[in-house]
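Shown next, in structure tokens, is the structure this report addresses.
All ligand and atom numbering here is 1-based and tracks the order in the structure. Values reported hereafter were calculated over all heavy atoms of this structure, with side chains retained and with hydrogens, waters and symmetry mates removed.
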Amino acid sequence: MSFLELVDVHTHFPIRKGTFGGITDVVRAVDGVSLRIEKSEILGLVGESGCGKSTLSRTIMQLQPANSGQIFLEGQNLSTLGSMDIQRRRLDFQMVFQDPYASLNPRMTVYSTLAEALCQRHRHLRRSRGKLASKVGELMERVGLDARFMRKYPHEFSGGQRQRIAVARALAPEPKLVLADEPVSALDVSIQSQILNLLLKLRDDLDLTMIFISHDLSVVRYLADNIAVMNAGRIVEYGPAGEVFSNPQDAYTRKLLAAIPRIQLSA
Ligand SMILES: Nc1ncnc2c1ncn2[C@@H]1O[C@H](COP(=O)(O)OP(=O)(O)O)[C@@H](O)[C@H]1O
Ligand SMILES: [Mg+2]
């Protein structure tokens, strides 16, 4: 069995139509997704806005209940877990979001943010301030930040540095899987590649397993081992990144590829 396995996962949202809310319909945000991810793999999940990428990610994290289907992590069926076990399991899944400024607490120093995240998994660290500070410093250096800045606040950093803080926070509880949902979409193009290189380095250093979500195929191509193309809640194409690029099988993938500016294709 693979490290993470999804079997025919459906996540639907009911929507009410009509003046009295009587007519209900459903949005099939995730409509029968099956996927496998191996340990230390980066899976690129790509598709246009609204195709269900974030819902799939929230479903994997057990933040959004699936209507049907199964999710296995290291062979354990997550759909059978009780709420206590889900709480514990949630530490195994950490997210990095598009906008670090919105996802970081502006009133907390980097130290407080990272210390809190570290103590989620290692409660005993609370009692050892010296050890906690050195762990925070280690985390900052791992993501390319100077540990001397740990008492600073998010607004004192650049956009790229803030995303590094968000990455460090995600790593703090030693997750088994990192779900990065459009992590570079809000950054300047010049900064994007720095963050992508950081994620690649972390995968190598920590054997990190990651789902990297983007609406931009050219970004996904840069770091994904395998690519899953999503359209209207379904995976319409899946394969090794190079093959999806050189020999796309699905018409929708070809459309996405055609939308990439030439200058990026030849880069
Ligand atoms: N909480 C929700 N309630 C109702 N509909 C939702 C909710 N979250 C997402 N959707 C709908 O599900 C579909 C997929 O959304 P989303 O997963 O955010 O797509 P993506 O991340 O690919 O842009 C969209 O049609 C969206 O409007
Ligand atoms: Mg999204």
Close residues (non-hydrogen atom under 4.0 angstrom from ligand 1) work out to F13, V27, A29, E48, S49, G50, C51, G52, K53, S54, T55
Across all chains, not counting sequence neighbours, the side chain to side chain contact (heavy atoms under 4.5 Å, CB included) partners of F13 are V27, A29, T55, Q64
Q: State plainly whether the residues R89 and D85 are in salt-bridge range, i.e. N to O under 4.0 Å.
A: no
| Just checking, any donor-acceptor pair under 3.5 angstrom between side chains of S190 and D188? | no
Check: Does any donor atom in the side chain of S57 or S54 lie under 3.5 Å from an acceptor atom in the other side chain?
Finding: no
| Between R221 and F245, is NZ or CZ placed under 6.0 angstrom from the six-membered ring centre and within 45° of the ring axis? | yes
Classify the ring geometry between H10 and H12 as parallel (under 30°), tilted (30 to 60°) or perpendicular (over 60°).
-> perpendicular
By side-chain hydrogen bond (donor to acceptor under 3.5 Å, both in side chains), T209 pairs with (sequence neighbours left out) none
Near the Mg ion (ligand 2) (protein N/O/S, cut-off 2.8 Å, waters excluded) we have S54 OG
Quiz prompt | Salt bridge present between R121 and E174 (N-O < 4.0 angstrom) | solution = no
Can K255 be said to sit on top of Y252's aromatic six-ring, NZ or CZ under 6.0 Å from centre and within 45° of the ring axis? no
